[in-house]
Amino acid sequence: MKKDKEILKKVTALKEELAAVSEAHLEACMNKANALLSSLYQQYDFTRTIVHMDMDAFYAAVEMRDNPSLANIPMAVGGEDMLSTSNYIARRYGVRAAMPGFIARKLCADLVIVPTDMAKYSAVSRVIRSVLSQYDPNMTPLSLDEAYMDFTDHLVKRRELDDQSRTFPEFSETMCRCEPEERLGVVSSTEGISSAVGDGVADVPNLNEDNLQNSVATDDTRILPSATNSDTEPSEARIMKDTTVSTDTSQCPRCNMPHNPKRILFDVGVEDAVREMRHRIHLKTRLTASAGIAANCLLAKICSDQNKPNGQYMLPFTVDAVQDFMKDLPVRKVPGVGKVSERQLAAFDVKVCSDFYKHRDVLYFLYSGGMFEYFLSVYLGLGANRLSKNEDGPKSKSVERTFRGMSDPDQLRTLCHELSLELAEDLKSAKNLQGKTVTLKIKLVTFEVKTRSQSLPTATNDGEDIYNVANQLLTTEMKNCSSKPLKLRLMGVRMSNFTTSDSKQQKLKVIRDTNSTPSDKRISFLDKIEAERKSEKVNQSCNEPLGLLAYMSTDKPIGTTSNISNAGRNVSTKLSSVWDESGDVTTRKTGKIIELLEGASNTDPWSLADSTSSSVATIPSDSTVKTATKYGPLDFYRSSKSGALDPWAKDDSSSLGGF
DNA sequence: ATACATACC
DNA sequence: CACTGGTATGTAT
């Protein structure tokens, strides 16, 4: 309600801004949008088959599985103060994830709230991932219950698999549900898996290696629990095969349940492959999953929501099907468009994805280049079709705690200390991460949130170090509003800016290695930068290199400030001094380097660059020190968007031949 | 670099 | 009674 007003306020402000804009300007926006659109349009790629799978009401489902008395009542997982998930019965009352318990109870007085047991969910998750890995060893988990997979390779191999490899016992609570491991001939590290099964999944008994070997060697059927739960997957037509293994009344040595003579044969096609995967998850965990199948991650993710729970949806791999699908899709379904964006967009009559197109001129004007490009690519149904490598690691870590008004300075300090130490522990146990930036977050009793941060010269993960900074920030805040007592309802401490394995040097190397036609001069200059960095002299001097910048074919003199139009806004740029490889300023009157100033990060200097000439620039000695990577060349401008995708990368001689 | 808002689970 | 907590990211300054 309060938020609503704020959103509305912003919207009206934006509308005014929009109203003040000339027809001509809007027309220009339209042209820009069209240009981008036509370049995006070339990006369709239906060569990969991406699957997104998502467990149904995961935490709640696990708890219901392990405690049948919860199965038919409205329940949720979480604390009194916050719910993580609710089951489908509770959802009928409007009880949702991310809802405080007390509100949930208002909606549903009988709601049972089960405390979360992350350890258990992680264990179950490992089991699930072991299945997923068999379809894509490079599967990318998004969270405990969600993952992207690229099925392309599996589908090729799958054609070679015999029927038996695609045959699985029907689901039954009372009969064996085991299956031979490695059935798909996929190598998977099963060590962790079997142990995970041991502690995490109560209903797959005795899965130890001995038994595993036995059963794999001797038979292919096992059994499990039962009950015609097979009708939980109704809509799915599969090829059924009553391989009446009949006479087999024996028990599975693994789970001690009778073998299930009923089998399901899955086809070699994509949809059956995915059904099979979901079925195997069901067999192993007694939990259901939903999945989406499409040509890229964005579409797959949206599709997995389509037939939830316990269903799947495949979006045909054609431009027409994709566009048709996107046309009426509510923008809220788009990942990244949350409650706020939904409202904002709605205020400009953008409700479904085709409205991204319909109002492209206005959107171009209103949103940043990145956002706008995203909207249009979503409209077209474009998305990444390769799973990004799971590297990097966390970018920040934090601890925060909510409580009921606290204003005593000593108490606050104590809390701050505790949080700092906790965070330090977290950092240490998480790969011994060390960070430079400490952020203090406080929420006043009025619900106003503030963050205050400060960076250290050196990375640390020492509790006292962190506390020193956090406490200082806290003290400042307390002084700052000394008139009032500073009553808080939340305090948090965060560490970020981790020193990874010197990403800066890494990047410089990459840049150098990437140069197709590297100039010797440039390399030697970069080497020098690297050397300086290593000797840690860099920050002493304000001559810190800004990085490689485009050598502009402009005739304006050094020092000129000019404007570049970027996404309908003007961005300030400055022609700066040119430094040669010895570090001296060359005094060319017509310097041709453009230095991007703050806030200009979306401007692509290459698009304005003369493709043949290039050089290295540093910032003048009286400037603020900046790092080379911040404006580092190739990397920076090309990272997220592949060259062609960059709206500002003109079709002309744009990129830097020399680089 | 810092502050804040938004999104997702 | 009462509206989380953790992390990532975009945007503005």
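Below, chains carry the letters A, B, ... as their sequence lines are ordered, and counting in each starts from 1.
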Classify Glu80(A) by what it touches in the nucleic acid, base, sugar-phosphate, or nothing, heavy-atom distance under 4.0 Å.
nothing
Whole Å only: how far is the CZ atom of Arg96(A) from the P atom of dC8(B)?
15 Å
Nearest-Å distance for atom pair CE/C1', residues Met495(A) and dA8(C):
17 Å
Answer with base, sugar-phosphate or nothing: what part of the nucleic acid does Val449(A) contact at a heavy-atom distance below 4.0 Å?
nothing
Any side-chain N or O of Lys450(A) less than 4.0 Å from the OP1 or OP2 oxygen of dC4(B)?
no
Could you tell me how far apart Phe447(A) (CZ) and dT4(C) (C1') are, to the nearest whole angstrom?
11 Å
Which nucleotide in the list dT11(C), dC3(C), dC8(B) gets nearest to the side chain of Phe102(A)?
dC3(C)
Ignoring the backbone of Leu490(A), work out which of dG5(C), dC3(C), dT11(C) is nearest its side chain.
dG5(C)
To the side chain of Thr451(A), which of dA3(B), dT2(B), dC8(B) is closest?
dA3(B)
Indicate, with a heavy-atom threshold strictly under 4.0 Å, whether Lys441(A) touches base, sugar-phosphate, or nothing.
nothing
With sugar-phosphate meaning primed atoms plus P, OP1 and OP2, does Arg105(A) contact a base, only sugar-phosphate, or nothing at under 4.0 Å between heavy atoms?
nothing
At under 4.0 Å between heavy atoms, what does Ser341(A) touch on the DNA or RNA strands: base, sugar-phosphate, or nothing?
sugar-phosphate
dT2(B) phosphate, OP1 or OP2, under 4.0 Å from Ser455(A) side-chain N/O
yes
Does Arg91(A) make a cation-pi contact with Tyr88(A), if we ask for NZ or CZ under 6.0 Å from the ring centre and within 45° of the axis?
yes
Among dT4(C), dT2(B), dC9(B), the one nearest Met82(A) by side-chain distance
dT4(C)
So what does Met99(A) hit on the nucleic acid, given a heavy-atom distance under 4.0 Å: a base, only sugar-phosphate, or nothing?
nothing
Please work out if Val334(A) contacts a base, only the sugar-phosphate, or nothing of the nucleic acid, heavy-atom cut-off 4.0 Å.
sugar-phosphate
Those residues at least two apart in sequence (or on a different chain) that pass side chain to side chain donor-acceptor pair (under 3.5 Å) with Lys301(A) are Glu146(A)
Out of dG5(C), dA8(C), dA2(C), whichever nucleotide has its closest atom nearest the side chain of Ser396(A):
dA8(C)
If I pick the P atom on dA5(B) and the same atom on dT4(C), what distance separates them, to the nearest angstrom?
15 Å
Per nearest nucleotide of DNA chain C, the residue lying toward the 5' end, Ser398(A) or Lys443(A), is Lys443(A)
Provide, to the nearest angstrom, the distance between the CG atom belonging to Leu444(A) and the C1' atom belonging to dC4(B).
14 Å
Quick check for you: among dC3(C), dC9(B), dA3(B), whose closest atom lies nearest to any side-chain atom of Glu146(A)?
dC9(B)
For the pair Arg105(A) and Asp110(A), find out whether any cationic side-chain nitrogen is under 4.0 Å from an anionic carboxylate oxygen.
no
Would you classify Arg494(A) as touching base, sugar-phosphate or nothing, given that sugar-phosphate means primed atoms plus P, OP1 and OP2, and contacts are heavy atoms under 4.0 Å?
base
Is Lys15(A) positioned over the aromatic face of Phe348(A), cation under 6.0 angstrom from the ring centre and no more than 45 degrees off axis?
yes
Per atom distances to the Ser368(A) side chain, the nearest of dC4(B), dT4(C), dT11(C) is dT11(C)
Taking OP1 and OP2 of dC8(B), is either one under 4.0 Å from a side-chain nitrogen or oxygen of Arg332(A)?
yes
DNA chain B nearest-nucleotide lookup for Gln454(A) and Gln344(A): closer to the 5′ end is Gln454(A)
salt_bridge(Arg452(A), Glu477(A)) N-O dist < 4.0 Å:
yes
Before accepting this row, confirm whether a basic side-chain N of the pair Arg401(A)/Glu422(A) lies closer than 4.0 Å to the acidic partner's carboxylate O.
yes
List the residues meeting side chain to side chain donor-acceptor pair (under 3.5 Å) with Tyr93(A), not counting sequence neighbours, and say none if there are none.
none
Whole-Å distance, Lys395(A) NZ to dG6(C) C1', equals 14 Å
Taking the same atom, P, in dC8(B) and in dC3(C), what whole-Å distance lies between them?
23 Å
Side chain of Arg489(A) - closest among dC3(C), dC4(B), dC9(B)
dC3(C)
Closest to the Arg404(A) side chain: dT4(C), dT6(B), dC1(C)?
dC1(C)
Between dG6(C), dA5(B), dA3(B), spot the one nearest the side chain of Lys10(A), thanks.
dA5(B)
